[in-house]
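Only this structure's heavy atoms are used, side chains among them; waters, hydrogens and symmetry mates stay out.
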Amino acid sequence: MLSLLPAFRLLLLALGLPASARPAVAQPARPVIGPDSVVQVAAGTQYRRGWLHQLFWGFHYREEWAIPVEAPVFNLRTAVPGGLVPVKEGGSFQTQNLRLLARDGRQYVLRSVDKDATAALPENLRDGTIGRLMKDQTSVIHPYGAYIVPRLARAAGVYHTNPRLVYVADDPALGGFQKTFRHALYLFEERPEGNLSAEASFGNSSSVVSSRHAFGQLLSSPQYRVDARRYLRSRLFDMWLGDWSRREDQWRWAAFRQPDSSTVYRPIPRDRDHAFFKFDDGVFTRVISFVKTNYQTFTRTIHLHDVEGLNRAARPMDKSLLVYLSEQDFREVADSLRRALPDQVIAEALQVWPRQIYALSGEEFADKLRSRREQLPMVAEEFYRQLARHVEVPGTDRPERFVIEAAGPWKAWVRVYTRETGSRGTLIGERLFDARQTADIRLYGLGGNDEFEVIGRPDRRLRIYLYDGQGQDIIRQTNPGRTGSMRVTLFDSADGNLIQVDKRLVTVEVYQPKANEYDGAGWLLRHRLY
């Protein structure tokens with residue numbers, strides 16, 4: 001075994017990898033800070049590698065990482081009126097964040113341009129070959145990609161943060177965070193939380209909340225709802241940018257109180273670290289991309305077979321928040337978004353890059369963004385088809401009335417109302433389903449004393465499942481007609497429900513509901529929306 005070590009080291013060297021377990025890392029010269037407070041600095045010279053290494057592990061955005069750009073030196077005392085005080089270190093397992101507090105109570109954040117995914121590894125692997133490879137793959141991210149998004153988002157009608165590129169020097173004002181955050185490039189931006197009524201890019205909302213808070217409210221009562229068309233617009237915008245990492249923590253929600261005392265949430269996408277991903281341009285990384293289909297490379301073409309992988313991280317949110325939108329809604333939003341992003345807007349957005357970066361990436365990005373824009377209607381159609389195959393319609397922890405009504409061959413209406421004594425209730429949402437697109441529909445009562453009503457005989461090619469959840473519910477069948485069959489199954493938790501159905505037409509199965517089928521809290525757990 002020992003005789004193989006020299007050969008193994010030669011292999012590592014041939015692939016451009018360090019042969020020692022703990023290589024000495026050459027520290028780039030720190031920029032000289034002159035009186036103009038602007039420096040020339042590269043985001044990551046360590047990603048510059050030899051041709052053979054790039055052939056196997058990807059060419060990626062290594063040139064963009066290695067080239068010096070101009071950046072203003074960040075001054076905590078003057079960045080905003082009254083200055084900023086660092087209060088908390090945070091971030092994901094890749095990005096290093098520093099939360100800052102202004103005198104007026106508003107919060108800001110410094111987000112590191114460089115990333116380090118090795119924090120997700122066990123400590124004994126971080127400095128070895130695996131750790132070095134993971135760190136090297138930071139080069140799949142465009143270091144200045146997030147910088148061009150605000151201009152594009154503004155034109156698209158999508159809420160957005162406003163990152164500014166800055167260099168943090170060895171500033172004593174960092175206090176206890178000085179050693180960790182000095183000598184590096186950061187994006188400085190508003191933290192979307194709290195009262196942001198002065199910020200147009202957040203809709204001038206007086207209450208911006210986390211996904212945990214928003215989804216908890218959505219499942220507590222139908223008085224809370226999401227602006228679904230605006231969320232769809234944001235999701236199509238994500239796909240246009242190739243941003244595949246849109247899990248629940250990548251969003252904030254702007255709340256708007258309505259005249260009827262209800263609350264509407266509108267989405268604020270944040271953390272554009274994985275937009276414009278470039279992964280499959282190496283021998284090994286291309287092989288990995290066949291397995292990790294969510295690692296979507298930003299190319300001229302959004303392949304339809306890649307739409308599922310591109311949206312996998314956000315699938316739990318998409319299924320819940322887009323459930324009442326029709327295929328026509330998807331078409332209209334996609335067409336509107338395409339028209340809102342003319343060539344001039346794309347060109348203007350790219351001009352905000354440092355001139356050195358524009359010289360490397362400008363033409364490539366302009367071409368790809370124009371091409372992908374024209375594909376948005378086709379992508380939206382495929383996105384709808386994928387979500388329509390298996391549908392879940394959740395209630396809330398308040399009483400609701402679920403109505404399933406036959407609508408002729410292949411089709412059935414699903415309507416959900418509030419359940420109110422002495423009235424039909426207020427419509428929460430409705431959608432016409434077609435068995436040529438939808439295989440099954442599952443309705444979840446969750447909490448409250450709900451009512452399920454099956455009107456007529458929905459086409460048997462649509463499988464319909466009713467989950468009663470918590471509470472004492474009523475399940476009834478009206479106007480069943482004399483002919484035809486249907487495939488409706490009621491899962492009865494046997495907790496005192498009143499069941500008024502023809503059991504020759506509706507299958508009743510006694511079952512013990514799982515925690516994630518029982519109430520709103522379970523639904524959050526089921527769909528990672530907590």
Side-chain angles (χ1 to χ4, degrees), residues 215-225 262 316 319-320 323-324 390-406 412-431 433 440-458 460 462-481 485-527 529-530:
F215 296 144
Q217 294 291 77
L218 289 171
L219 289 166
S220 71
S221 167
Q223 285 290 100
Y224 299 90
R225 58 186 174 87
S262 66
K319 287 176 69 70
S320 289
V323 69
Y324 293 119
H390 306 284
V391 175
E392 296 176 343
V393 183
T396 72
D397 281 341
R398 302 289 296 171
E400 274 95 33
R401 181 167 168 260
F402 297 82
V403 178
I404 307 96
E405 183 175 7
W413 279 101
V414 171
R415 298 183 177 93
V416 183
Y417 301 86
T418 59
R419 188 180 179 204
E420 301 169 9
T421 304
S423 75
R424 183 178 177 83
T426 302
L427 181 67
I428 297 171
E430 64 178 349
R431 182 169 155 196
F433 290 97
D440 53 76
I441 308 168
R442 298 174 187 268
L443 286 75
Y444 293 85
L446 301 182
N449 297 326
D450 300 307
E451 180 179 345
F452 296 85
E453 182 178 10
V454 181
I455 301 176
R457 299 193 185 191
R460 71 182 316 274
L462 270 173
R463 293 186 64 95
I464 299 170
Y465 301 92
L466 312 177
Y467 294 79
D468 67 334
Q470 189 184 39
Q472 295 180 324
D473 303 323
I474 298 174
I475 302 93
R476 63 162 54 98
Q477 184 181 4
T478 57
N479 302 324
S485 60
M486 58 187 187
R487 299 170 79 182
V488 178
T489 300
L490 166 65
F491 292 98
D492 174 25
S493 60
D495 57 355
N497 297 324
L498 176 61
I499 300 174
Q500 300 173 329
V501 301
D502 184 342
K503 293 186 179 181
R504 293 170 298 178
L505 296 174
V506 177
T507 301
V508 179
E509 295 187 11
V510 176
Y511 89 122
Q512 181 65 40
K514 301 175 183 177
N516 59 18
E517 299 167 346
Y518 188 66
D519 57 12
W523 188 264
L524 293 175
L525 179 66
R526 176 190 186 92
H527 292 284
L529 302 179
Y530 45 85

When you measure from the side chain of Q477 to the backbone of D502, do you find a donor-acceptor pair of N or O atoms at a distance under 3.5 Å? yes
Do you know the tightest heavy-atom contact between D450 and G445? OD2-O, 2.8 Å
Within the 4.5 Å heavy-atom criterion, are V501 and L490 side-chain neighbours or not? no
With a 3.5 Å distance limit and no angle check, can you tell me whether N497 reaches the backbone of I499 through a side-chain donor-acceptor pair? no
Separation of R460 CZ from S485 OG (nearest 0.5 Å): 4.0 Å
Counting C-beta onward and ignoring hydrogens, is there a side-chain heavy-atom pair between I474 and N449 closer than 4.5 Å? no
Within the distance-only criterion (no hydrogens, no angle test), does the side chain of K319 pair as donor or acceptor with the backbone N or O of V393 below 3.5 angstrom? no
Can you measure from CD (E405) to CZ (R457) and round to the nearest 0.5 angstrom? 15.0 Å
May I ask you to check whether E509 and T489 show a side-chain donor-acceptor distance below 3.5 Å? no
Decide yes or no on side-chain contact (heavy atoms from CB on, under 4.5 Å) for D492 and Y511, but give the supporting numbers first. CA-CA 6 Å; D492 174 25; Y511 89 122; 5.7 Å; no
With a 4.0 Å cut-off, would you call R419 and E451 a salt bridge? yes
What's the spacing between I464 CD1 and I441 CD1 if we round to 0.5 Å? 5.0 Å
Flag the pair K503 / T507 as yes when at least one side-chain heavy-atom distance between them is below 4.5 Å, and no otherwise. no
Nearest non-hydrogen partners of S493 and G469, listed with the distance: OG-O, 3.6 Å
Do I428 and Y417 have side chains that get closer than 4.5 Å, going by heavy atoms? no
Tell me whether R431 forms a cation-pi arrangement with Y324, defined as NZ or CZ under 6.0 Å from the six-membered ring centre and within 45 degrees of its axis. no
E453 side chain near F402 side chain, heavy-atom distance below 4.5 Å: no
If we ignore angles and hydrogens, is there a donor and acceptor under 3.5 Å between the side chains of D397 and S220? no
Pairwise distance CG(D495) to CD(Q512) - rounded to 0.5 angstrom: 9.0 Å
Anything under 30° is parallel, anything over 60° is perpendicular, the rest tilted; go ahead and classify F491 against Y467. parallel
With rounding to the nearest 0.5 angstrom, report the CG to CD distance, D473 to E400. 10.5 Å
Just wondering, do V323 and V391 contact through their side chains at under 4.5 Å, heavy atoms? yes
Pick from L446, L443, V416, L218: which one makes a side chain to side chain contact (heavy atoms under 4.5 Å, CB included) with P394? L446
Starting at CG of N479, measure out to CD1 of I455 and round the result to the nearest 0.5 Å. 7.0 Å
Close side-chain approach of M486 to V454, heavy-atom, < 4.5 Å: yes
Hey, are S221 and R398 close enough side-chain-wise for a donor-acceptor pair under 3.5 Å? no
Evaluate the criterion side-chain contact (heavy atoms from CB on, under 4.5 Å) for residue pair Q223 and Q217; output intermediate values, then yes/no. CA-CA 9 Å; Q223 285 290 100; Q217 294 291 77; over 6 Å; no
Side-chain touch W413/V403, heavy atoms, less than 4.5 angstrom: no
What pair of heavy atoms forms the shortest contact from P458 to A406, and how long is it? N-CB, 3.6 Å
For the residue pair G520 and L219, what are the closest heavy atoms and their distance? O-CD1, 3.5 Å
